[in-house]
Amino acid sequence: MSKNTKINTHAKKELVYRIAKDIVNGLSRAKVVKKMKDDGYDLSFKTSEYTDGSMSTAYDDAVKMLKVEFDGKKDELRNVVYERYLNLYNEALQANDRKVALDALKEINKMLGLNEPELYNVKEDKRIIID
């Protein structure tokens, strides 16, 4: 069976919408792609026949759509994502899965900016040398 290289426009819009819903509900890129490969979106066409590139493009389009849609709600979304990482961290600790717990902590650190370098406010006209 040959794989299609492109998704038609109407079908793609519906697929992108459903992928966006899954992203909002917490599905990872890998799970979304697996769902496409398993024809899990229950559409009138088979997503399993699309190339990996077309699947990736559909996922990226859903992310872009969400970015535009939620642009004004960044703080609210940041809190939702923070809570999800915190829940993931707690579940990983209970399951004694240190790798997942550590990965969740790393993502929380990135979100909170705890590992960013200090910024200096230079108010004088001086030459600065950075090693």
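Because the structure is a prediction, the values reported are computed rather than measured. Because only heavy atoms are used, hydrogens play no part in the values below, and waters and symmetry mates are left out as well, while side chains stay in.
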side-chain contact (heavy atoms from CB on, under 4.5 Å) with Tyr41: of Lys21, Met36, Glu14, only one passes, and it is Met36
Any donor-acceptor pair under 3.5 Å from Ser56 side chain to Asp52 backbone
no
In this structure, NZ of Lys35 is separated from CG of Leu27 (nearest 0.5 Å) by 6.5 Å
For Tyr17, the other hydrophobic cluster members (4.5 Å side-chain criterion, sorted by chain and number) are none
Answer with yes or no whether the hydrophobic clustering places Val63 together with Val24; edges join I, L, V, M, F, W, Y residues whose side-chain heavy atoms lie under 4.5 Å apart. yes
Original post:
Can Arg29 and Asp60 be counted as an ion pair, charged N to O under 4.0 angstrom?
Top reply: yes
Please list every donor-acceptor pair under 3.5 Å in which a side-chain atom of residues 85-95 meets a protein atom from a residue at least two apart or in another chain.
residue	atom	partner	partner atom	Å
Asn87	ND2	Glu83	O	3.3
Asn90	ND2	Leu86	O	3.2

When rounded to the nearest 0.5 Å, the distance separating CG of Asp42 from CZ of Arg18 is 6.5 Å
Rounded to the nearest 0.5 angstrom, the NZ-CG distance for Lys46 and Asp38 is 12.0 Å
The reported gap from CE in Met55 to CD1 in Ile19 (rounded to nearest 0.5 angstrom) is 9.5 Å
Item to check | Residues Asp103, Lys99: salt bridge by 4.0 Å N-O rule | outcome: yes
For Ser48 and Lys37 the tightest heavy-atom approach is CB-O, 3.1 Å
Minimal heavy-atom distance between Val32 and Asp22, with the atoms involved, is CG2-CB, 4.3 Å
Closest non-hydrogen contact found for Leu15 with Ala58 is CD2-CB, 4.0 Å
Inset, instruction - Check whether Leu43 and Ile23 end up in the same hydrophobic cluster, where Ile, Leu, Val, Met, Phe, Trp and Tyr are linked by side-chain heavy atoms less than 4.5 Å apart. - result: yes
* Indicate, with yes or no, if Ile108 and Val80 share a hydrophobic cluster defined by side-chain heavy-atom contacts under 4.5 Å among Ile, Leu, Val, Met, Phe, Trp and Tyr. => no
